[in-house]
Peer 1: 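Mind looking over this structure? Questions follow.
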2 protein chains.
Amino acid sequence: MRILIVEDEPTLGNQLKTTLEQNGYAVDLSVDGEDGHFMGSTEEYDAVVLDLGLPEIDGLTVLGMWRREGRNFPVLVLTARDSWSDKVAGLDAGADDYLAKPFQTEELIARLRALIRRATGNASSELTAGDVRLDTRSGRVTLKGEPVKLTAQEYKLLSYLMHHKGKVVSRTELIEHIYDQDFDRDSNTIEVFVTRIRKKLGADVITTIRGLGYSLDDPADQPRG
Amino acid sequence: MRILIVEDEPTLGNQLKTTLEQNGYAVDLSVDGEDGHFMGSTEEYDAVVLDLGLPEIDGLTVLGMWRREGRNFPVLVLTARDSWSDKVAGLDAGADDYLAKPFQTEELIARLRALIRRATGNASSELTAGDVRLDTRSGRVTLKGEPVKLTAQEYKLLSYLMHHKGKVVSRTELIEHIYDQDFDRDSNTIEVFVTRIRKKLGADVITTIRGLGYSLDDPADQPRG
DNA sequence: TCTTCGACGATCAGGATACGCATGTGCTCT
DNA sequence: AGAGCACATGCGTATCCTGATCGTCGAAGA
């Protein structure tokens, strides 16, 4: 899962970045509206944390530009305390949620989780596909009820696939969402992790679609003859 | 837009109902968890406003039951002030948003708007022609509901034809869109892939227009005798 | 209207190739 | 020291392109 933070205050921004990274997200940090807008317009994010009080370009403006460009990633807006008129304006400008400063980082994470879950169409914190069960809250994976130990990258990859169950996910899409920005595309790490996951969870969890990418299917969703 | 309110306190409940109705929503009001759960399970709502502090059955329980039943309407949870642990629990139980009491009704409406927009704003990515169905998001193709396995090139070609349904597409146009820039024009790869697609999806999906190219027609669009 | 012929499209099969898989190796961070 | 990761290499195979042959359509002439 790839997150963009647009926050002009370096202390808070870096703290958020660290916290989110510890929670398994790939995080990019932007310190002003212009750069933030550019990042959000050109890169693929699963969610954006946007501070409204930015120098130069206002956060609301950035948000409006994104929405007019057709960018529809979930946006969590950070507002000053008690300015609920700002919040309403933000929501109407296309924000999906807001959080008043100061806030508990724990709450930020819970809200981000909910946002991402909602955006990808899953209501429960548990994702299932066949015998595989993934709890996004605790970060645990089980196979037929038996707990399975996954490494960080394996978990990220599986998690992204399960969030997009049934969809064909290209290699580049996976790379973009698992790693942040600069990463050597000419490497086969994705294949390697797919192999590892298959070893741990069974070869049939992840389907390869040659020339397009990978796909994780729930047999229950495909009543075929 | 149809809204369900589950709120045990009559004063607040009726006030909400009135306000929402004034804003153009069709509102049902439930005063306890059991009835509320029943309503949400049997009727179709575009969004639900759920109070967590209910007598008999707790709001979180109701929410959990809905989600387990596969109900995925957006849920806005009402919590007591300052109990952010409740909020986190609610979000993790499958709520899409929350609001702490007391709140501005204006804010409630703004949030509901955002919720509904988010839930219904996902445009369909499906193209159909006769019995053939192509989901551009998932990269899946089905024939009469049965999944059909296409190779990358076959998929690209079919996808382009379905995006230009009813139009005659020349061979060169297909080549230009399937391959990048320079490609040997003196080859019959297009014909080969058309043949393969016809084998998998039926000969009548793609019509040949001699001397011009190919065309994919939806029989539904051509009500002829 | 029927037949014939030319041109265009459809089909087939074999070799080339890119693709994805599964190793192994060394680096880095705990 | 160990685990996890990025990266490199070799191998097997599905997929693709090519070129040749076969089939079909349609126009022109009888």
Peer 1: Any donor-acceptor pair under 3.5 Å linking the side chain of R198(B) with the backbone of D204(B)?
Peer 2: no
Peer 1: Mind calculating the distance between CD (Q153(B)) and C1' (dT15(D)) to the nearest angstrom?
Peer 2: 9 Å
Peer 1: Below the 4.0 Å mark, does dC5(D) have OP1 or OP2 next to a side-chain nitrogen or oxygen of T189(A)?
Peer 2: no
Peer 1: Between dC21(C) atom C1' and D204(A) atom CG, what is the distance in whole Å?
Peer 2: 16 Å
Peer 1: Any donor-acceptor pair under 3.5 Å linking the side chain of H37(A) with the backbone of G33(A)?
Peer 2: no
Peer 1: List the protein contact pattern of nucleotides 8-14 of chain C with one symbol per nucleotide (5' to 3'): B for base contact, S for sugar-phosphate-only contact, - for none; contact means a heavy-atom distance under 4.0 Å.
Peer 2: BSSBB--
Peer 1: When you measure from the side chain of R67(B) to the backbone of R71(B), do you find a donor-acceptor pair of N or O atoms at a distance under 3.5 Å?
Peer 2: yes
Peer 1: I'd like to know if D51(A) pairs up with K101(A) as an ion pair, taking the criterion as any Lys NZ or Arg NE/NH1/NH2 lying under 4.0 Å from an Asp or Glu carboxylate oxygen.
Peer 2: yes
Peer 1: Could you give the CG-to-P distance, from L174(B) to dC16(D), as a whole number of Å?
Peer 2: 15 Å
Peer 1: For dG19(D) and S187(B) - does any side-chain N or O of the residue sit under 4.0 Å from the phosphate oxygens OP1/OP2?
Peer 2: no
Peer 1: Can you give me the closest heavy-atom contact between L76(B) and L99(B), atom names plus distance?
Peer 2: CD1-N, 4.3 Å
Peer 1: Classify the side-chain pair D28(A)/Y45(A) by whether it contains a donor and acceptor separated by less than 3.5 Å.
Peer 2: yes
Peer 1: Answer yes or no: is there an ion pair linking E7(A) with K17(A), defined by an N-O contact shorter than 4.0 Å?
Peer 2: no
Peer 1: Just how large is the angle between the end axes of the helix from dT1(C)-dA30(D) to dT30(C)-dA1(D), five pairs per end, to 10 degrees?
Peer 2: 40°
Peer 1: Between T18(A) and N14(A), is there a donor-acceptor pair closer than 3.5 Å when you use the side chain of the first and the backbone of the second?
Peer 2: yes
Peer 1: Between K200(A), R196(A), K199(A), which is the residue that forms a side chain to side chain donor-acceptor pair (under 3.5 Å) with E154(A)?
Peer 2: K200(A)
Peer 1: Please give, in whole Å, the distance from dT15(D) P to E154(B) CD?
Peer 2: 8 Å
Peer 1: Starting at atom OH of Y155(A), determine the distance to atom P of dC5(D), rounded to an integer number of angstrom.
Peer 2: 14 Å
Peer 1: Starting from P on dA14(D), measure out to NZ on K200(B) and report it in whole angstrom.
Peer 2: 13 Å
Peer 1: What is the distance, to the nearest angstrom, from the CD1 atom on I197(A) to the C1' atom on dG4(D)?
Peer 2: 14 Å
